[in-house]
2 protein chains.
Amino acid sequence: MVTIKDVAKLAGVSMTTVSRAFNEKAVIKDKTRQQILDIAKRIGYVPDYNARGLVTKKKFVVGIFFSSMGDGTSRSFLSSIISTAYEALPDNYLLSVNDIRSVKDINGLVRNRMDGVIVVSQSDRDNDFIYQVKALGLPLVVINRFLNDPDIRNISGDDLRGVKDAMTYAVKQGHQRVGMIEGIPGFTSSTQRRQGFDQAVLANQLIVNPGAIQIGDYSLTSGQQAMIEILRLPKEQRPTVVFCANDDTAIGALRACYAAGVRVPNEISVMGFDDSYYASMSVPALTTVRKPILAMTTRGIEDLLKLIDGDTLSADNHVILEPELIIRESVQAISALD
Amino acid sequence: MVTIKDVAKLAGVSMTTVSRAFNEKAVIKDKTRQQILDIAKRIGYVPDYNARGLVTKKKFVVGIFFSSMGDGTSRSFLSSIISTAYEALPDNYLLSVNDIRSVKDINGLVRNRMDGVIVVSQSDRDNDFIYQVKALGLPLVVINRFLNDPDIRNISGDDLRGVKDAMTYAVKQGHQRVGMIEGIPGFTSSTQRRQGFDQAVLANQLIVNPGAIQIGDYSLTSGQQAMIEILRLPKEQRPTVVFCANDDTAIGALRACYAAGVRVPNEISVMGFDDSYYASMSVPALTTVRKPILAMTTRGIEDLLKLIDGDTLSADNHVILEPELIIRESVQAISALD
DNA sequence: CCGTTAAGAGTTAACGCTAACATAACGCTA
DNA sequence: TAGCGTTATGTTAGCGTTAACTCTTAACGG
């Protein structure tokens with residue numbers, strides 16, 4: 001194994017100088033650094049992270065924990081978060097990807113091997129884990145879900161605003177009678193999306209007939225089921241646009257419409273939330289709200305790194321990022337309705 | 001920070017004895033070990049991996065590299081592989097999940113920080129990376145794709161066999177005129193699936209009319225396009241079953257049939273490959289071939305660990321696992337055809 | 001031209017752990 | 001009960017790096 005000693009000998013300098021050449025902030029003459037770096041490259045020296053970490057007390061590992069990896073909203077949820085996280089992370093950091101559910105020994109896994117932790121949280125059930133990490137005193141950032149704790153750095157998307165924007169768009173298209181298929185009751189995301197819907201209804205004096213709001217569980221089949229119920233309404237009471245709490249639900253709703261012979265968007269408009277892979281592939285392609293998940297990830301890593309370095313962050317631990325409305329084909333202007 | 005020294009002092013033993021208590025294979029009296037472990041737990045001692053690794057030359061990190069994380073065949077491709085990998089990995093190992101494309105410095109990232117590497121390969125384009133790792137001399141296992149190199153441990157699924165099984169099933173259902181939508185030309189997977197198809201045709205003396213085999217590119221739209229072509233054939237020449245090189249293609253094909261008013265499976269049967277999430281959700285639900293990806297992962301990790309420990313593996317580096325035929329609704333017995 | 005300062009480089013010790021060797025304790029046989 | 005092999009534990013050194021400190025040299029003002 002080629003060590004810092006070998007480089008030092010060849011370069012005719014001390015070990016420390018070599019060490020300095022590899023550590024950005026150190027004072028060392030540019031020329032010396034360059035010579036050392038050249039020699040190191042030539043003989044294939046790379047610093048040993050175990051030795052380095054032993055003295056600096058660092059692990060150069062950031063852990064990223066998912067609520068439940070299989071349930072990511074979109075097909076690329078997991079992968080695009082991971083890729084984005086790497087981009088925001090310095091080259092010398094490793095990203096350890098984990099499923100919260102499968103963490104057995106938080107002491108052995110987290111405390112001892114990671115400099116900090118990002119939790120990509122999908123539900124309240126993650127709080128246990130989050131507070132265990134917090135208790136460890138490890139740098140921690142929770143993203144993807146609003147966390148009501150001023151002591152924990154939290155980056156979330158403004159779901160309420162996203163739904164409101166989507167509904168406002170529908171109103172601009174002339175829709176007045178509206179409906180919704182909700183997410184799993186109790187989930188913060190469900191609550192916020194419902195609130196966004198309600199606020200839009202209030203602000204625009206929209207009509208919500210009984211039966212126009214159904215409870216779903218974020219699954220395709222629940223969307224299908226819910227839409228069947230909505231379609232039971234007589235046509236003149238039926239909403240002209242249905243906002244679905246996520247894309248899977250919306251695709252289920254689309255399917256129910258197709259089965260019932262109700263054309264989308266000609267006879268009824270449908271909106272989703274998430275912008276999953278199949279949102280663009282569905283027929284008609286889904287108009288939906290895209291969470292700023294990549295921006296959340298980038299910001300999350302940035303903040304985590306600052307926390308790791310002991311820097312202070314902005315006073316308010318809640319960072320809320322704006323979602324984006326993705327307009328496709330599943331909403332039609334009301335004047336154009338058949 | 002609480003170190004091995006603190007435990008030693010409290011337990012009235014030497015540091016080495018404490019070290020032994022934490023290392024399974026060491027000789028130490030059970031009673032002593034238990035006392036030490038108890039004390040360690042009480043004062044919250046956990047071994048420092050940097051220190052441990054410095055002397056043992058280990059990193060306790062396994063890297064898993066994906067061709068291109070966003071393109072996983074099924075929605076759960078990435079997540080289920082990661083979860084499965086963790087299950088096969090000892091608790092004290094970390095899993096570093098990476099995208100091959102985004103590896104900048106293989107020396108800094110891989111050589112220096114990982115004990116071994118699993119490559120979940122999807123295409124020939126990964127070979128560059130694979131051979132770079134091999135050149136590093138690091139323990140390496142390639143899974144998910146057949147790799148024609150006797151020097152590299154390789155775990156793959158038998159795609160050819162999978163397609164053949166699927167076709168045999170179709171033949172048993174009475175199908176004689178068959179067609180196929182192929183994958184991206186040049187990909188090993190495309191070639192093998194085509195060969196499986198061809199072998200089934202030969203073995204069962206099936207009829208393949210001109211135009212019944214189309215080239216796709218594994219995308220939904222290519223499947224749609226290809227099926228449109230196939231449906232141009234006069235009904236009596238048209239295949240009664242079309243095997244699609246993957247599920248996305250098959251779903252595209254389904255869509256084309258729907259658009260053309262051709263009912264599946266009543267008028268034409270369709271099969272896919274992958275068993276992706278939407279295979280079960282499509283209408284009709286897709287009969288498809290499921291790759292043994294989880295078994296590949298488990299075996300891959302097991303073999304990698306042996307390689308890391310310096311154990312020898314079975315002589316033949318090619319391990320081929322059997323796929324599974326998932327029978328759903330998209331294939332109908334020919335006697336039942338309308 | 002001396003004294004002060006700062007930049008650049010060197011010396012030394014320590015980080016927490018385990019391997020290798022050394023020693024002690026134990027249990028058995030003759 | 002001496003002698004031996006075996007099992008259990010202790011002692012010592014070193015893994016590769018950086019932090020803290022020291023030393024050298026050049027620059028500069030008065």
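In what follows, chains are A, B, ... by sequence order, proteins preceding strands, each numbered from 1. Only a predicted model underlies this, so the values are computations on that prediction, with no experimental measurement involved.
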Exercise for review: With the side chain counted from C-beta on, respond yes when A:L321 and A:D158 share a heavy-atom pair under 4.5 Å apart, and no when they do not.
Suggested key: no

Review point. Salt-bridged, A:K306 to A:D311, with N to O below 4.0 Å?
Key: no

**Study point:** B:T17 vs B:T32 side-chain heavy atoms within contact, under 4.5 Å
**Key:** yes

Point to revise | Who pairs with C:dT29 - Watson-Crick or G-U, where each distance is under 3.5 Å | key: D:dA2

Point to revise | Whole-Å gap separating P (C:dA24) and NZ (B:K29) | key: 17 Å

Exercise for review: Take the protein atom CD1 of A:I43 and the nucleotide atom C1' of D:dG16, then report the distance between them rounded to whole Å.
Suggested key: 14 Å

Point to revise | Any side-chain heavy-atom pair of A:F187 and A:Q122 under 4.5 Å | key: no

Study note, to complete from the structure: Protein heavy-atom contacts under 4.0 Å, written 5' to 3' over nucleotides 14-20 of chain C as B (base), S (sugar-phosphate only) or - (none), form the string -BBBBBB

**Study point:** Centroid separation A:F22 to A:Y45 less than 6.0 Å
**Key:** yes

Exercise for review: In whole angstrom, give the distance that lies between atom CG of B:D30 and atom P of D:dT9.
Suggested key: 10 Å

Check your understanding: Do you know which two heavy atoms are closest between A:I100 and A:F65, and how far apart they sit?
Key -> CG1-CB, 3.7 Å

Review point. Does any nucleotide pair with D:dT25 by Watson-Crick or G-U wobble geometry, both distances under 3.5 Å, and what is it?
Key: C:dA6

